[in-house]
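Can you keep this structure in mind? I'll have questions shortly.
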Amino acid sequence: MFHLLFGTSASLADHPALHTPDALVIEPDPLGLCAWWVPRSLLAALRAVVPAADIDAALAPHRGVLSLVLRGLALTPEEAERREAHAADPIGFMTHNGLVTGHVTKAWTLALAPLVAGRTLVIPTLAGLDHHGFLVIQGFQSVLPPEERPTVVVAVGPGITDAGRDLWTAEREGVLATVALAEGLAETRVERISPPVPAEEVAPSALPGRFDPLDDALEIRAWASGDADLLQAGAEAAFRAYGFTGVLRLGLRALDLLPPGDAARRMHRLVALAAYNRQVRRSDQTDELPALLEAHFEAALAGEEDPAVQSHLYYRLAINTGRRKGDLDQGIAEGTRAIELARDPRVPRGLGAFLEAWARNGRAFSFATARRGAEAMADCEAAWEMLAEAEQHPGAPTMELLPTRAVLADNLARVSLLRRDHAAAARWQRELEAAEQAMGGMTGLNPIRWLELLRHSGELAQAHRRGAAALTRARAVFDPIMVDLLAAELAELCYRLGDAPGAVAHYTECLHIRERISDADDLRTTRLSRAVARLRAGQLDVAAAEVALLLQDEALATPAAQAQLLALSGRIEHAAGRPPEAVMSAAIEAAVESGDRDTLAHVARIVGDISAAQGDAEEAAEAFERALAIAGVDVGPPPAGELLAIHLGRAALGVPGAGAEALAVAPAALAADPEAWWSLSALEPHLDASDAADAVRSAIAQRAEFAEVSGDATPA
């Protein structure tokens with residue numbers, strides 16, 4: 001469980017939660033020099049309270065991977081080989097990605113979890129927390145049973161002055177994003193201490209001085225020494241352990257001291273790759289970044305004679321030029337040069353094929369952005385073939401082959417969807433799943449895509465099953481972002497399939513997360529969707545209260561928004577057996593004030609629905625005809641769902657041909673508007689032998705299948 005404390009330095013200093021007896025305190029690393037600092041600091045703290053034999057036993061199964069940081073470990077040849085396989089590769093392409101770094105995260109998590117079980121971990125300043133450290137702590141929550149999960153207290157105080165070289169974006173932004181993620185977890189406790197955190201910064205404390213005996217503290221020693229050779233060694237060690245901020249700190253300082261030559265060129269390469277990889281993981285985009293990357297990559301290329309290294313660097317330049325600078329022609333040219341260099345006979349065949357796969361993947365981006373779709377798809381497919389060749393021959397980074405397969409399949413699925421080729425997208429999604437399963441089974445790079453594909457093919461019940469399974473996995477690994485995405489998808493699926501209470505439950509799960517980490521617009525949309533689902537679920541008083549709050553929201557004070565909300569309120573009042581006339585009069589007044597065609601048509605149609613339900617056929621007929629006339633005003637096509645509801649209202653009153661008109665717009669309405677699915681029973685009397693009727697029958701069958709599987713026969 002996380003306990004987050006927000007406040008000023010003074011208000012936090014004496015908070016009792018930060019002074020829990022026997023807590024394991026994580027020291028700050030204000031410059032972000034040390035990769036995997038949270039588990040390193042934890043290990044040093046544990047050494048004082050846990051017998052050495054227990055620590056040795058905990059580390060034993062993971063020694064090879066952990067020796068990337070614990071360089072004091074004496075390794076067997078097999079462990080040394082494992083260390084080399086898991087080190088970040090300077091001509092690899094996925095060193096930023098959790099599919100590769102996840103092996104190190106998992107090793108730290110499994111090694112330390114038994115040792116921290118049931119304890120309190122205190123992070124007294126955000127300088128003690130980073131992305132990797134958060135993932136390890138999050139992992140503790142996942143692998144330990146609930147009663148043994150540690151309590152993690154984090155003091156979220158003011159920022160920390162950057163005392164090193166300016167890195168264009170403060171580390172604090174990335175750490176705050178990590179804290180926001182923790183806020184989205186279900187059991188997180190948030191305590192905001194008055195006064196609120198001000199926009200101030202405090203000077204960093206001294207560099208950490210407590211290290212485990214197995215930890216050589218190379219990054220700290222190098223920084224403190226200012227020696228060029230030690231700075232270079234520290235940067236190289238930090239890179240191998242995926243410590244990209246440390247590489248930037250140490251490498252930039254080393255470049256101030258190194259003379260021109262091979263060592264400086266290698267350091268330019270590591271600095272450029274560290275900046276690139278940190279940006280990919282943290283979206284650390286600024287105006288200065290493209291120029292910084294270009295300068296260091298070009299310096300790394302100057303005098304470089306290894307064609308494999310040249311190919312890799314040209315790929316990086318191609319992405320920087322095409323994606324960040326927007327120079328697509330130059331990006332395509334640099335991608336082409338990377339492909340040519342990958343085919344140099346001096347490059348081992350497996351490595352060359354691997355490099356070409358990535359070069360084509362990079363060039364495809366510029367092709368696609370330049371609207372050269374056929375060439376982009378050809379590059380993506382060729383990249384897939386080149387990867388297959390790389391897997392058959394030695395030379396490529398072994399730990400990156402399967403993750404690269406997953407990424408390329410993901411790209412191919414995405415491009416296929418953009419080309420509206422759903423069959424191809426499904427094929428590539430299956431390839432993605434196969435790669436993930438070969439890596440040991442994961443939540444998935446994109447479990448959302450299956451929901452989109454299955455929805456497109458009309459298999460909503462199956463989409464719900466797959467989405468529910470993915471949501472269970474996302475909860476198990478404490479991934480609030482994926483929980484939010486999947487819960488939102490499942491909420492809409494439930495609503496379409498007639499399970500309004502299920503939709504309410506999923507929207508509620510979304511809101512628990514979005515109230516902590518989403519913007520106000522997302523919150524409003526989700527609250528409105530939940531209110532509509534509550535209406536269908538018969539939770540009328542709660543729905544009325546939620547709509548009343550939305551009506552008071554200043555961002556929804558426009559006449560159109562007010563009219564839509566008042567119309568919803570009228571529906572709720574009518575369903576609850578209360579007179580809706582006053583509310584609907586206000587809705588009509590707001591709709592007229594808005595002058596918006598779709599709002600006017602919607603409110604008129606709701607008046608018709610309510611009048612018909614009250615037995616006033618004359619008023620209902622007039623309202624439906626008014627709604628139809630308004631919808632016909634030519635300011636663009638009216639919403640298909642609204643047209644469907646209008647025609648069905650007219651058909652229920654016996655208007656000739658209205659049923660056929662409703663059936664004609666039904667497929668478009670069912671595809672675009674979840675509300676249309678609640679009209680299926682009203683459409684049944686009008687079905688014929690047309691394609692439109694087939695679409696309606698398919699939707700009815702989907703609801704029946706879902707009701708049978710779930711045991712919920714909620715009527716449409």
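Everything numeric in this text was worked out from a predicted model, so none of it was measured.
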Quick one: pull up CZ in Arg47 and CG in Asp212 and give me the separation to the nearest 0.5 Å.
-> 4.0 Å
At their closest point, which heavy atom of Glu79 faces which heavy atom of Ala74, and how far apart are they?
-> OE1-O, 4.1 Å
Under the 3.5 angstrom rule, does the side chain of Arg249 hit a backbone N or O of Leu31 as a donor-acceptor pair?
-> yes
Ionic contact status for Arg266 with Glu304, cut-off 4.0 Å | no
Ser366 side chain to Arg363 main-chain N or O, any donor-acceptor pair under 3.5 Å?
-> no
Residue Glu298 excluded, over 12 heavy atoms near CD under 6.0 Å = yes
Heavy atoms, side chains only, cut-off 4.5 Å: are Glu84 and Arg240 in contact?
-> yes
Using a strict 4.0 Å threshold on nitrogen-to-oxygen distance, state whether Arg71 and Glu219 make a salt bridge.
-> yes
Nearest 0.5 Å, what's the CG-CD1 distance between Asp379 and Ile332?
-> 9.0 Å
Which pair of non-hydrogen atoms, one from Leu68 and one from Ala241, has the smallest distance, and what is that distance?
-> O-CB, 3.9 Å
Residues Arg221, Asp216; criterion side chain to side chain contact (heavy atoms under 4.5 Å, CB included); working and verdict = CA-CA 9 Å; Arg221 292 189 291 109; Asp216 64 6; 4.0 Å; yes
With Trp223, which of Leu218, Leu207, Leu230 fulfils side chain to side chain contact (heavy atoms under 4.5 Å, CB included)?
-> Leu207
Carboxylate-amine/guanidinium proximity below 4.0 Å for Arg337 and Glu334 | no
Looking only at heavy atoms, the pair that brings Pro124 and Leu18 closest together is CA-CD2, 4.5 Å
Minimum heavy-atom separation for Ala228 to Leu257, with atom names?
-> CB-CB, 3.8 Å
Can you tell me how far CG of Leu341 sits from OG1 of Thr336, rounded to the nearest 0.5 angstrom?
-> 11.0 Å
Mind checking the CZ-OH spacing from Arg324 to Tyr276? Nearest 0.5 Å is all I need.
-> 5.5 Å
Straight-line distance of Leu313 CG to Ile91 CD1, nearest 0.5 Å = 9.5 Å
Hey, what's the ring geometry for Trp358 with Phe93, parallel, tilted or perpendicular (30° and 60° as the breaks)?
-> parallel
Rounded to the nearest 0.5 Å, how far apart are CZ of Arg360 and CD of Glu381?
-> 11.5 Å
Validation row: Leu121, Val38 side chains within 4.5 angstrom (heavy atoms) = no
Worked verdict on Asp327 versus Asp329 for side chain to side chain contact (heavy atoms under 4.5 Å, CB included) | CA-CA 6 Å; Asp327 187 341; Asp329 290 339; 4.2 Å; yes
Would you confirm whether Asp130, through its side chain, and Gly133, through its main-chain N or O, come within 3.5 Å as a donor-acceptor pair?
-> yes
Thr369 (side chain) donor-acceptor with Phe365 (main chain) under 3.5 angstrom = yes
What do you reckon, are the aromatic ring centroids of Trp37 and Phe211 less than 6.0 Å apart?
-> yes
Answer yes or no: is there an ion pair linking Arg253 with Asp256, defined by an N-O contact shorter than 4.0 Å?
-> no
In sequence, state the C-alpha distance, the side-chain angles, and the governing distance for Leu129 and Val179, and then conclude on side chain to side chain contact (heavy atoms under 4.5 Å, CB included).
-> CA-CA 9 Å; Leu129 184 65; Val179 169; 4.2 Å; yes
Report yes if some heavy atom in the side chain of Cys380 is under 4.5 Å from a heavy atom in the side chain of Arg414; otherwise report no.
-> no
Heavy atoms, side chains only, cut-off 4.5 Å: are Leu99 and Leu402 in contact?
-> no
Any side-chain heavy atom of Pro348 sitting closer than 4.5 Å to one from His393?
-> no
Polar side-chain atom of Arg40 near backbone of Ala35 as donor-acceptor pair, under 3.5 Å | yes
Could you pull out the closest heavy-atom pair between Met267 and Ala254, with the gap in Å?
-> CG-CB, 4.4 Å
Can any side-chain N or O of Ser67 pair as donor or acceptor with the backbone N or O of Gly64 at less than 3.5 Å?
-> yes
Considering the options Asp89, Asn277, Thr101, which one meets the side-chain hydrogen bond (donor to acceptor under 3.5 Å, both in side chains) requirement together with Thr95?
-> Asn277
Do Glu400 and Phe354 have side chains that get closer than 4.5 Å, going by heavy atoms?
-> yes
Is Asp410 close to Arg449 at the side-chain level, that is, under 4.5 Å between some pair of heavy atoms?
-> yes
Decide yes or no for Glu431 and Trp384: does some side-chain heavy atom of the first lie under 4.5 Å from some side-chain heavy atom of the second?
-> yes
Where do Pro208 and Pro30 come nearest, in terms of heavy atoms and distance?
-> CD-CD, 4.4 Å
After noting the C-alpha distance and the side-chain angles of Lys325 and Glu294, does the key distance pass the side chain to side chain contact (heavy atoms under 4.5 Å, CB included) rule?
-> CA-CA 10 Å; Lys325 297 179 67 177; Glu294 185 174 65; 2.9 Å; yes
So, His312 side chain and Pro90 main chain: donor-acceptor pair closer than 3.5 Å or not?
-> yes
Could Arg269 and Phe239 be counted as a cation-pi pair, given that NZ or CZ must be under 6.0 Å from the ring centre and within 45° of the axis?
-> no
